[in-house]
Structure formats: structure tokens, C-alpha cells
Amino acid sequence: MISGVHLEAQWRREALRTNLWVVPTFEIVLAVGFFFVTWSLDRAASRGELTLPPWVISGTADAARQILAAIAAALITVVGVVFSIMIVTLTLASTQFGPRMLRTFIRDRTTQLTLGTFVGTFVYAILSLVSIGPAASGDFVPHLSITVCMVLVLADLAVLIFFIHHIATSIQLPRVIASIASELSAAIEAGGGQPHWSGGEERGPTAAELQARLDATGARVPAPASGYLQFVRHRTLVRLAAELDAVIRLDHRPGHFLVQGHPLATVWPASAAPEVARSFARAHITGSTRTLAQDIAFAVDQLVEIAIRALSTAVNDTFTTLTCIDWLGEGLCRVAANWQPDPVHRDDHGYIRVMTVPVSYERLVERAFEKIRQSAAGMPAVLIRQLDALVEIMAETTTEEQRRVLLRQAEMIERLNRDSVPEEADREDVHRRYLAVHAAHARLAEGS
């Protein structure tokens with residue numbers, strides 16, 4: 001599992017990546033720095049301190065102004081075209097995939113680099129244009145800068161062609177779904193932001209004893225701000241609780257919506273609550289949207305949203321739903337084998353200091369299957385694919401409790417099959433897949 005420090009760095013990278021200004025700003029700074037390098041060389045050449053190679057473009061100051069003005073005008077026009085293409089893509093993504101899918105397209109590196117490349121070249125051309133002026137030996141013309149600007153324009157054309165290709169492929173549903181599934185796998189590998197304690201001997205009261213104390217005499221701490229809980233700095237809370245010799249129980253996990261002033265945590269002893277409340281501002285991060293840094297259920301919800309949109313009468317795209325079920329099944333196979341979040345965090349001496357409510361395996365399975373099942377009444381193809389996914393997940397389970405969760409989902413699908421599928425042959429097809437789930441469970445039970 002990934003440590004809390006790495007998770008925080010991952011959250012910061014994600015926050016910086018999910019915008020359209022960081023990369024273009026960085027490229028503009030590079031363009032300004034690069035211009036001053038070529039401008040310095042041009043000034044040295046104009047003073048006779050060095051000789052430019054013969055392939056450098058030469059000409060009068062008026063010709064240089066015309067070239068650079070034409071390049072700058074063309075570049076800013078293309079920037080407008082790129083921006084328009086991006087807006088059309090975001091509009092299509094919002095209507096077809098759901099508004100929460102916009103995050104995937106905004107954080108796309110190709111889009112950010114394309115905008116940055118054109119804007120950076122535009123800034124370089126403008127700086128080259130304004131550098132033309134009188135000098136001691138006549139008009140100063142930055143010949144090397146003009147040549148470099150022409151090379152950058154050719155590079156921009158290649159970037160534009162690649163950008164159009166990238167947009168045409170990135171809006172395809174299989175690519176979008178696979179990208180979200182990849183993020184889900186990464187979140188599972190990270191352990192949902194709940195690293196296990198790796199210290200020495202466990203000391204102090206047990207988790208059950210502390211729960212009783214928190215319920216009996218603990219003090220509630222209100223949320224400092226409204227919004228979705230995006231990230232929790234568990235190490236900061238553990239350090240604070242150790243200093244106060246207290247225990248903090250978080251009543252919400254990343255992904256939950258917080259209302260300012262409503263209970264966010266419980267602290268024992270109650271005397272430590274005021275200090276904990278003052279420190280929550282730097283230990284909790286809230287925002288207007290959910291993120292994947294510690295919220296594994298967010299990726300599941302994204303795939304489910306695409307699936308149930310595809311099942312709506314306005315879209316009626318069953319194959320997209322089947323693709324989402326396939327990737328949800330793949331992710332839950334990883335969850336069954338690797339998902340072991342630790343609800344307690346201990347200090348360096350082995351005492352429990354922070355207690356959390358991580359999302360459970362059962363809840364992840366329910367989120368992945370139930371909304372799709374509820375929207376798939378009378379659709380045997382979807383029910384069959386869900387049962388096939390349950391068979392695949394069953395093979396990766398490690399405990400009987402995990403298998404019972406899957407069996408409950410299979411039973412609900414079978415009941416929906418009997419109640420909503422009108423054709424007997426279709427009902428029999430679904431029923432055979434239902435029996436396959438029980439057969440997979442029986443094989444595992446015999447093996448164990």
C-alpha cells in the first residue's frame with residue numbers, strides 16, 4: 001500500500017493536473033526564457049561578436065515585422081479553433097458520459113500541452129516582433145529568433161494534427177471507460193488511503209473499548225466548511241491526538257458531503273475537542289468535487305453512471321452498459337484480492353489515535369451492481385453479464401463472507417429476472433448464469 005505521504009503528494013498532483021492553466025503557463029515561461037536566449041544571440045550577431053549560420057532567415061525590418069505579425073495572427077486564430085474543439089468535446093462528454101466525466105477530459109495532458117504549445121509560440125512571436133527596432137548600426141532584426149519562430153510554427157502544425165487525432169479517439173466510449181477503470185485499479189493498489197500500521201507492539205485500549213468511550217463521553221467536532229471531503233491527513237491527526245493523549249473518530253470518509261457546523265468527528269476525552277477543532281482546517285481538505293486520492297468509490301460511481309445513462313430510454317445503448325460491467329468486474333476482482341483497509345491508525349508507541357470508516361468490500365459490490373440492476377429490468381443481456389461478472393469475482397474471493405455478498409447480488413438478479421423478463425427462453429438463459437454463480441461458490445467451498 002502507498003504511504004500517507006505519497007497519497008498526499010498524489011492528491012496535490014491530481015489537483016494541479018485537473019485544470020487548464022498550469023501546463024500552458026509553464027510553457028509560456030519556457031517560451032519567454034527561450035526568447036531571451038535567442039535574442040541575446042541575435043544582439044551578439046548584430047554587434048559582430050558572432051556569425052549566424054547560413055540557414056538563418058535574413059531580411060529587412062519591415063519584412064520581419066510582416067512575417068511575425070502574420071504568424072502571431074495565425075497562431076491566435078488556431079488557439080481559438082483548439083479552444084472551440086475542446087469546448088465541443090466537453091459538451092459532448094457532459095451530455096453523453098455525465099457531467100462528472102468532464103474531469104477526465106480537463107486533466108488530459110494532450111489538450112493542456114496543445115494549448116500551451118500554441119500560446120507559448122504566440123508569446124514568442126510577439127516578443128520577437130516587439131524586439132525589432134533601431135540600433136547603432138541600423139534597424140535591429142532578430143534573424144535567429146525569426147527562424148526559430150518558423151520552426152516552432154511547423155512544430156505547432158504537427159501538434160495540431162496529433163491533437164485532432166487524439167480528440168477523435170479520446171471521445172470513444174471504450175477509451176473513456178478503460179481510462180476510468182485504470183484509475184480505479186490505481187486507487188485499489190493505493191489501499192484507499194488507509195495504510196496499515198507497521199509499528200511494534202500494540203498498546204492501550206482496543207478499538208471496541210475506545211468506541212464505547214467515544215459514544216459515552218466523547219465530544220463532537222463540527223465540520224469547518226461545507227463541501228465534499230477530498231483528502232484526510234491521517235498522519236497529522238495521529239500526531240495531534242498523540243500530543244493531546246486523545247482519540248479521534250472520523251464519522252465521514254473522503255467522498256462524503258460535509259455541511260459546515262454539522263458533526264465531522266468525535267473526540268475522547270472531551271477536553272481535547274477544542275484543540276482538535278482548531279486543527280481540522282489543516283488536516284482535512286474539502287472541495288466542490290470528489291477526487292480519487294482516497295475515494296475509491298468515486299471511480300466505481302463514474303462507471304455506474306455511464307452504465308445507467310446508457311440504459312436510459314433516451315440513449316438505449318446496451319453495449320456500453322456491458323462494457324462498464326466488464327470493467328467493474330475487473331476492478332472488483334482486484335478489490336476481492338487486495339482490499340484490506342485498516343480502520344484504525346496508531347502512533348509510534350502502538351496506541352490507537354485515529355479511527356476511520358473506510359468503505360467496505362460489501363459496499364463497493366453494492367455500488368457496482370445495484371443501480372445497474374435496478375435500471376436493467378426486463379433486459380436479460382445486462383442481467384447475464386452481471387452474473388458472469390459475479391462468477392469472475394467469486395474466483396478471486398478469499399473469505400466466505402465475501403462470497404455471501406456476491407451470492408446476495410446473484411439472488412436479487414435472479415428475482416428481477418423472474419419478475420421482469422417476459423420471454424421464457426430469456427429467463428432460462430439468465431437462470432443458467434445464476435446457477436453458474438452457485439456452482440463457482442460450491443467449488444470454492446469444497447476447496448476450502
Side-chain angles (χ1 to χ4, degrees), residues 1-19 100 103-104 107 179-198 221 223-241 248-259 263-266 276 279-305 328 331-332 334-346 352-368:
M1 293 188 178
I2 299 177
S3 68
V5 175
H6 290 164
L7 274 171
E8 182 165 359
Q10 176 185 335
W11 177 85
R12 292 186 181 279
R13 287 195 301 271
E14 179 70 13
L16 289 175
R17 183 173 178 178
T18 312
N19 60 71
R100 277 154 292 280
R103 165 188 160 277
T104 302
R107 69 194 297 271
S179 173
I180 298 171
S182 175
E183 293 178 344
L184 172 60
S185 298
I188 294 168
E189 293 299 325
Q194 303 290 344
H196 286 288
W197 177 69
S198 57
V221 176
S226 297
Y228 287 100
L229 182 57
Q230 295 179 338
F231 192 84
V232 179
R233 294 187 174 96
H234 295 103
R235 292 167 63 89
T236 301
L237 290 177
V238 168
R239 188 163 52 247
L240 173 65
I248 303 172
R249 183 181 65 193
L250 301 177
D251 299 327
H252 297 275
R253 62 174 175 266
H256 284 180
F257 187 83
L258 306 179
V259 178
L264 170 61
T266 307
V276 172
S279 303
F280 264 172
R282 66 174 186 269
H284 284 67
I285 298 172
T286 58
S288 58
T289 60
R290 296 169 64 183
T291 65
L292 270 173
Q294 292 179 335
D295 183 12
I296 182 178
F298 182 45
V300 174
D301 291 344
Q302 285 183 306
L303 290 173
V304 170
E305 180 180 2
L328 284 168
L332 290 175
R334 294 175 179 268
V335 168
N338 302 320
W339 187 248
Q340 296 177 345
D342 195 345
V344 300
H345 295 255
R346 298 177 181 268
I352 296 176
R353 294 302 181 187
V354 176
M355 307 177 71
T356 61
V357 283
V359 62
S360 65
Y361 163 83
E362 179 180 5
R363 187 65 186 125
L364 288 173
V365 172
E366 290 172 350
R367 296 178 86 116

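Each residue takes its place number in the sequence, starting with 1.
Minimum heavy-atom separation, Ala225 to Thr286: CB-OG1, 4.0 Å. Closest of all the heavy-atom pairs between Gln294 and Val232 is OE1-N, 2.9 Å. For the pair Leu240 and Val276, the tightest heavy-atom approach, listed with the atom from each and the gap, is CD2-CA, 3.9 Å. Looking at every heavy atom in both residues, Ala223 comes nearest to Leu258 through CB-CB, 4.2 Å. Contact detail for Ala297 and Arg290: the closest heavy-atom pair is C-NH2, 3.7 Å. Residue Ala265 comes nearest to Ile248 through the heavy atom pair CB-CG2, 4.2 Å, listed as atom of the first residue, atom of the second, then distance.
Distance CG/Leu303 to CZ/Phe298: 10.5 Å, rounded to 0.5 Å. Within the model, atoms CD of Glu183 and OG1 of Thr291 stand 11.0 Å from one another, a figure rounded to the nearest 0.5 Å. Taking OG from Ser179 and CG from Leu184, the interatomic distance works out to 11.5 Å, rounded to the nearest 0.5 Å. Atoms CG and CZ, on Leu328 and Arg367 in that order, are 12.0 Å from each other to the nearest 0.5 Å. With rounding to the nearest 0.5 Å, the separation of CD1 in Ile180 from CD in Gln302 is 4.5 Å. Here the CG-NE2 distance, from Asp251 to His256, works out to 10.5 Å after rounding to the nearest 0.5 Å.
Contact of the Leu264 side chain with the Val221 side chain is not registered, since no non-hydrogen atoms from C-beta on lie closer than 4.5 Å. The closest side-chain heavy-atom distance from Val359 to Ile296 is below 4.5 Å. At a threshold of 4.5 Å between non-hydrogen side-chain atoms, the residues His345 and Ile352 do not count as touching.
Ser360 is linked by a side-chain contact (heavy atoms from CB on, under 4.5 Å) to Glu362, Arg363, counting only residues two or more places apart in sequence or in another chain. Arg239 meets the side-chain contact (heavy atoms from CB on, under 4.5 Å) test with Thr236, Glu243; sequence neighbours excluded. Take Tyr361 and apply the ring-ring contact (aromatic ring centres under 6.0 Å, His included) test, not counting sequence neighbours, and it matches no residue.
The environment of OH in Tyr228 is sparse: at most 12 heavy-atom neighbours from other residues, nucleotides or ligands sit within 6.0 Å.
When atom types are taken as modelled, the side chain of Gln230 and the backbone of Thr289 share a donor-acceptor pair closer than 3.5 angstrom.
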(Q) Could you go through Asp295 and Arg253, starting from their C-alpha distance and side-chain angles, then the distance that decides it, and tell me whether this counts as salt bridge (Lys or Arg N to Asp or Glu O under 4.0 Å)? (A) CA-CA 8 Å; Asp295 183 12; Arg253 62 174 175 266; 5.9 Å; no

Q. When you look at Leu237 and His284, which way does the side-chain contact (heavy atoms from CB on, under 4.5 Å) test go after all the steps?
A. CA-CA 9 Å; Leu237 290 177; His284 284 67; 3.7 Å; yes

